[in-house]
Amino acid sequence: QKISFKKRAPRAVRVVRQFAAKVMMTSDVRIDTKLNKFLWSNGVRNVPRRVRVRLSRKRNEDEDAKEKMFTLVQHVPVESFKGLQTENVRDE
């Protein structure tokens, strides 16, 4: 809805973070630098309307971490958003 210009890109990053935390059920969400660059590509005001992301749950290597899993969010460049479906990939 309505949001001031100077808060658009930071809010987009925050919304992606919230979505990943909800879907993958981890509170530790790490956003890839390419995704961050894409969200900020048009400046702070003109955030891209849609973005396709790849979410992967990874094991935390730190021994003293609060959670044993974290979510990595990566950007997937696509030509068009028409007819895309959610794809689940099992990575063993």
Side-chain angles (χ1 to χ4, degrees):
Q1 274 97 22
K2 301 199 179 192
I3 182 159
S4 59
F5 273 157
K6 294 300 180 187
K7 296 180 182 172
R8 283 210 168 170
R11 184 183 190 192
V13 173
R14 206 162 44 245
V15 166
V16 167
R17 207 178 277 276
Q18 287 170 356
F19 170 76
K22 183 178 84 171
V23 172
M24 301 299 273
M25 297 176 190
T26 60
S27 62
D28 186 5
V29 176
R30 301 176 191 178
I31 293 183
D32 191 42
T33 53
K34 286 192 173 76
L35 174 60
N36 192 46
K37 282 232 183 342
F38 177 75
L39 290 174
W40 282 85
S41 61
N42 301 339
V44 70
R45 303 190 315 175
N46 303 314
V47 178
R49 292 270 175 239
R50 293 182 184 186
V51 59
R52 186 158 173 90
V53 294
R54 176 179 291 123
L55 303 175
S56 50
R57 195 182 296 120
K58 303 211 176 215
R59 192 168 303 281
N60 219 338
E61 297 300 325
D62 297 340
E63 294 300 322
D64 54 336
K66 289 180 187 167
E67 289 195 30
K68 57 180 185 252
M69 302 295 264
F70 71 90
T71 301
L72 179 65
V73 188
Q74 296 170 306
H75 178 233
V76 180
V78 290
E79 293 294 320
S80 165
F81 289 98
K82 302 276 191 233
L84 291 177
Q85 296 287 318
T86 301
E87 299 171 17
N88 290 332
V89 178
R90 277 275 194 228
D91 206 29
E92 301 301 326

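Note that these values count all heavy atoms, side chains included, but never hydrogens, waters or copies made by symmetry. Please read all numbers here as calculations on a predicted model, not as lab measurements.
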Task: side chain to side chain contact (heavy atoms under 4.5 Å, CB included) involving K7 - partner list, sequence neighbours excluded - done: I3, S4
Task: Shortest non-hydrogen separation from L39 to A9 and the atoms involved - done: O-CB, 4.5 Å
Task: Sequence neighbours excluded - salt bridge (Lys or Arg N to Asp or Glu O under 4.0 Å) pairs with any residue from residues 15-28 - done: D28-R30
Using distance only, find each side-chain donor-acceptor pair of residues 42-51 under 3.5 Å and give its atom names and separation, not counting sequence neighbours.
from, atom 1, to, atom 2, distance (Å)
N42, ND2, N46, O, 3.2

Let me have the donor-acceptor pairs involving side chains of residues 68-89, under 3.5 Å, with sequence neighbours excluded, atom names and distances please.
from, atom 1, to, atom 2, distance (Å)
T71, OG1, T26, OG1, 2.4
S80, OG, K82, N, 3.1

TODO: List in chain and number order the residues that pass side-chain hydrogen bond (donor to acceptor under 3.5 Å, both in side chains) with S56, two or more places apart in sequence or in another chain; answer none if no residue qualifies.
DONE: none
Open item on the list: For the CZ atom of R8 and the NZ atom of K6, what is their distance to the nearest 0.5 Å?
Closed with: 11.5 Å
Task: Whichever hydrophobic residues join V15 through chains of side-chain contacts under 4.5 Å - done: none
